[in-house]
Each structure stands twice: as structure tokens, then as C-alpha cells.
Amino acid sequence: MIDHGKGSVKDMAEGKEYISCPDELGCIHISEDVLAVTAAAAALEVEGIGGLAANLGSDIAELLAGRKNLSKGVRVTVAENSVTVDISLLVKYGSSVQEAAKAVQNAVSDAIVNASGFTVAAVNVHVAGVSFSSAKRSK
């Protein structure tokens, strides 16, 4: 691992970014993937959210890796012990987009602070579309 000196470590073998927290017993390294999955799980628990919206990059990564990406549509950026989250999602038809997006911002911020202790600089919500439940479609 290479220490970049600003609380970020990059594992050259896997190409993953880790956030480092010095502790009295040593260092704790938290993968950005862990924070992304935490953010995704928090967003999906919010009332009015129909799912995460994948971007082209996560779709290709899913195909190449041959496994489901639990954090599709979530990008985590770390800078000097603060975290910025960009999340793309679908809002359920009939829900208030503004209320759902604000609830996602609060839920994601709280989840990341509780899981890692890092400061959340911003949670940028990108509403990519509207989801319709299958029960309402069938007439």
C-alpha cells in the first residue's frame, strides 16, 4: 500500500482507495467501497426511493467482474478526512422528489458518520428517473 499522506491509501494490487484513520493501536483502513455500500443501503431504506440508477461505468464493471455491484450509482470521493457522496437514484411515482432527495441526503450522511466517523462534506443526489410499482401497472 502507498500512503498519500492525507488520510488516503491506495492498494496498488487491487486498485482500490482506502481511507486511513490513525488509532492508538495502529491504523484503520476503510475502503471507499464500504462507504459506497453503506450509502446505497441507507438510500434504499428511505421512503419514496425506488432504487439506485446505474451509470454506464458501473454496468460495464458488473459485466467484467461477473458479480452484482451493491453500490451501483454511488460514487464516493475522499479529501482530507471528509467524504463527498454522489448518488443516482430512482424516485417512486407519486412521491415528492424534493422530500425523498432531502431524506436521502440526511440518511446517507448519518450512515457514513455512524459507520466511519468521517465528516460528510456533501451528499449530491441525482434523480435519474421515476420507478413505477408493478402492482399499479396491471389493470
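Only a predicted model underlies this, so the values are computations on that prediction, with no experimental measurement involved.
- The shortest heavy-atom contact between Glu32 and Val78 is OE2-CG2, 3.7 Å.
- Smallest separation of non-hydrogen atoms from Val120 and Ile112: CG2-CG2, 3.8 Å.
- With Ser109 contributing its side chain and Gln105 its backbone, the two residues share no donor-acceptor pair below 3.5 Å.
- Here the closest heavy-atom approach between residue Ala42 and residue Ala107 is recorded as CB-O, 3.7 Å.
- Minimum interatomic distance between Ala40 and Val74 (heavy atoms only, all atoms of both residues): CB-CG2, 4.0 Å.
- Side-chain contact check for Val127 versus Leu89: some heavy-atom pair is nearer than 4.5 Å.
- Separation of atoms CG (Asp86) and NE2 (His126) is listed at 4.0 Å; rounding is to 0.5 Å.
- The shortest side-chain heavy-atom distance between Leu90 and Val130 does not fall under the 4.5 Å cut-off.
- Nearest heavy-atom pair, Ile30 versus Phe118, reported as atom, atom and distance to 0.1 Å: CD1-CE1, 3.8 Å.
- Side-chain atoms of Ser95 do not come within 3.5 Å of backbone N or O of Val91 as any donor-acceptor pair.
- Between Leu52 atom CG and Leu44 atom CG the span is 4.5 Å, to the nearest 0.5 Å.
- Between Ala100 and Val46, the shortest heavy-atom contact is O-CG1, 4.0 Å.
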| field | Val76/Thr84 under side-chain contact (heavy atoms from CB on, under 4.5 Å): CA gap, chis, key distance, verdict | value | CA-CA 6 Å; Val76 175; Thr84 301; over 6 Å; no
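- No side-chain heavy atom of Val85 sits less than 4.5 Å from a side-chain heavy atom of Arg75.
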